[in-house]
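Each remark here refers to the structure printed beneath this line.
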Amino acid sequence: MTDLNKILHKWSASLKKGTDFDSWGQLVEAIDEYQILARQLQKEAQSPANSSDFTEDQKKTIGKIATCLELRSAALQYTQSQEGFTLEDVKTLEPILSSILTFNKEFPFDVQPIPLRRILAPGEEENLEVEEEEEDGGAGVGSPDLFPARVPGAIQGLLHSPGTLLPRLPSEPGMTLLTIKIEKIGLKDAGQCIDPYITVSVKDLNGIDLTPVQDTPMATRKEDTYVHFNVEIEIQKHVEKLTKGAAIFFEFKHYKPKKRFTSTKCFAFMEMDEIKSGQLVIELYKKPTDFKRKKLQLLTKKPLYLHLLQTLQKD
């Protein structure tokens, strides 16, 4: 078996593993497998001509397959929706990937390869970058949990640019709407953050999205140890309909020009018992984002927090 055939065999096995998980309803495992394979394919698709044994046309097809895997990963986040890239769609990719060396037909989906900097497999971001300055003495027990459900953050960064805010839901009798104003975040190196924004998501205990993920626009200003946003987020589910144990996550992201990707610097979250009208100040935690909330490490011992203002509206 040639080296190229070995690579294709490995990719095909990974894709089959992902579709098996998908068909069995093991969504977290399927997302993990799809995302890791997408990263491998996109890395090959973006490789220089003199360092790849694949032709440019083959690499373009490989990149399109990676895009399809990202789309399926995104579709799996919205378990209540039947729309989006389906499992059957993914299965049509299996013969294409295994026969990439001889494939000469039109690609079955109207997609394009995605820039490499937007795809990060679970935990990969932490391997790619080393922060210039470590925050002082993070409190907490254990190391960050590399739980696969952390993938959605990368997917959402892939599928849209900062500024994807959604309108308020229609009112329903007896139901409560929640608006969260993100005022500012305290960081010791706030002024050095490039193109900062915050990704807001609502997760269940397994890290699965309960609502569409939203990105704030870029921060309005940076001042001293604060990055200011002053932007309102409309939570896309009535408070009474949120599942037990759910939490709202806030991931602070900024662009790393030397590494050419958008990095999650830290995250914060609020749980259901913290949903109350008025001001709320919550702690910041070290990445990677732990949507299961099992192994948390404070970003710093300094009094730096995420500042929020909640508004509840009930009809």
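Reckoned from all heavy atoms, side chains included, excluding hydrogens, waters and symmetry mates.
Between the side chain of Q310 and the main chain of K276, a donor-acceptor pair closer than 3.5 Å is present. Formation of a donor-acceptor pair under 3.5 Å by the E240 side chain with backbone atoms of T176 is found in this model. D22 contributes no side-chain N or O that, together with a main-chain N or O of T19, makes up a donor-acceptor pair within less than 3.5 Å. Listed for the Q297 side chain is no donor-acceptor partner under 3.5 Å among the backbone atoms of Y285. Looking only at distances, no side-chain donor or acceptor of S99 sits under 3.5 Å from a matching main-chain atom of T102. Side chain of Q58 to backbone of A45: no donor-acceptor contact under 3.5 angstrom is found. Side-chain N or O atoms of K222 include one that pairs as donor or acceptor with a backbone N or O of C193 at under 3.5 Å.
Closest non-hydrogen pair, P212 versus Q236, comes out as CD-CB, 4.0 Å. Shown here for F267 and K286, the closest heavy-atom pair between the two residues is CE2-O, 3.0 Å. Listed here is the closest heavy atom pair of A190 and D224: CB-O, 3.7 Å. Nearest approach of L169 to K237, heavy atoms of both residues: CD1-N, 3.3 Å. Nearest heavy-atom pair, V231 versus P217, reported as atom, atom and distance to 0.1 Å: CG2-CD, 3.9 Å. The minimum heavy-atom distance between V28 and N206, with the atom names listed, is CG2-O, 4.1 Å.
Under the 3.5 Å distance criterion, with hydrogens and angles disregarded, a donor-acceptor pair is assigned to the side chains of Q35 and E70. With hydrogens and angles left out, the side-chain atoms of T179 and E234 include a donor and acceptor closer than 3.5 Å. With 3.5 Å as the limit, one finds no donor-acceptor pair spanning the side chains of T300 and K188. When only modelled atom types and interatomic distance are considered, T243 and D204 share no side-chain donor-acceptor pair under 3.5 Å. Residues S52 and E44 bring a donor and an acceptor atom of their side chains to less than 3.5 Å of each other.
Using a 4.5 Å heavy-atom threshold, the side chains of I235 and V202 count as touching. Contact annotation: the side chain of L69 never approaches that of F85 to less than 4.5 Å [non-hydrogen atoms, C-beta and beyond]. Counting only heavy atoms from C-beta outward, the side chains of C266 and K287 never approach each other to under 4.5 Å.
The CG atom of L165 sits 8.0 Å away from atom CG of D215, with the distance rounded to the nearest 0.5 Å. Here L296 contributes atom CG and L284 contributes atom CG; the two are 12.0 Å apart, rounded to the nearest 0.5 Å. Separation of atoms CG (L306) and CG (L280) is listed at 8.0 Å; rounding is to 0.5 Å. Summarising the geometry, atom CD1 belonging to I96 is positioned 8.0 Å from atom SG belonging to C68; distances are rounded to the nearest 0.5 Å. A distance of 8.0 Å separates CG in L178 from OG1 in T311, rounded to the nearest 0.5 Å. Of the inter-residue distances, the one linking I36 atom CD1 with I31 atom CD1 reads 12.0 Å to the nearest 0.5 angstrom.
Under 4.0 Å is where a charged nitrogen must lie from a carboxylate oxygen, and between K59 and E56 at least one such pair does. A salt bridge does not link E251 with K265: every distance from a Lys NZ or Arg NE/NH1/NH2 to an Asp or Glu carboxylate oxygen is 4.0 Å or more. Salt bridge K203/D209: present, at least one basic N to carboxylate O contact under 4.0 Å. Salt bridge status for K241 with E172: present, with a side-chain N to carboxylate O gap under 4.0 Å.
Q313 pairs by the side-chain hydrogen bond (donor to acceptor under 3.5 Å, both in side chains) definition with R168, not counting sequence neighbours. Applying the side-chain hydrogen bond (donor to acceptor under 3.5 Å, both in side chains) rule to E274 yields no partners; only residues at least two apart in sequence or on another chain are considered. Taking K16 as the reference, D20 meet the salt bridge (charged side-chain N to carboxylate O under 4.0 Å, His left out) condition, with sequence neighbours excluded. Taking Y226 as the reference, K184, H228, H307 meet the side chain to side chain contact (heavy atoms under 4.5 Å, CB included) condition, with sequence neighbours excluded. Not a single side-chain hydrogen bond (donor to acceptor under 3.5 Å, both in side chains) links S12 to another residue, sequence neighbours left out.
Annotation: K17, atom NZ; neighbour count of heavy atoms from other residues, nucleotides and ligands within 6.0 Å does not exceed 12. Enclosure of atom CG in N230 by more than 12 non-hydrogen atoms of other residues, nucleotides or ligands within 6.0 angstrom is indicated.
Criterion: ILVMFWY side-chain heavy atoms under 4.5 Å apart, direct or through other members. Under it, I275 and V200 are part of a common hydrophobic cluster. No continuous path of ILVMFWY side-chain contacts below 4.5 Å connects L309 to L177, so the two sit in separate hydrophobic clusters. Grouping the Ile, Leu, Val, Met, Phe, Trp and Tyr side chains by contacts below 4.5 angstrom, directly or via other members, places V227 apart from Y305.
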Fill in: Derivation and outcome, side chain to side chain contact (heavy atoms under 4.5 Å, CB included), residues K91 and L87
CA-CA 6 Å; K91 287 184 175 180; L87 172 58; 4.0 Å; yes
Practice prompt. Decide yes or no on ring-ring contact (aromatic ring centres under 6.0 Å, His included) for F21 and Y34, but give the supporting numbers first.
Written response: CA-CA 10 Å; F21 281 135; Y34 288 149; 9.2 Å; no
Item to complete: Verify side chain to side chain donor-acceptor pair (under 3.5 Å) between K253 and T199, making sure each step is shown before the conclusion.
Response: CA-CA 7 Å; K253 299 179 179 181; T199 295; 3.2 Å; yes
Practice prompt. Verify side chain to side chain contact (heavy atoms under 4.5 Å, CB included) between L4 and L101, making sure each step is shown before the conclusion.
Written response: CA-CA 9 Å; L4 278 184; L101 297 179; 4.0 Å; yes
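Relative ring orientation between F252 and F229 is described as perpendicular, the plane-to-plane angle rising above 60° on a 0-90° scale split at 30° and 60°.
You'll find the ring centres of F54 and W11 inside the 6.0 Å limit. F249 has its ring centre less than 6.0 Å from the ring centre of F291.
Applying the salt bridge (charged side-chain N to carboxylate O under 4.0 Å, His left out) test to every pair with at least one member in residues 101-113, sequence neighbours left out, gives no pairs at all.
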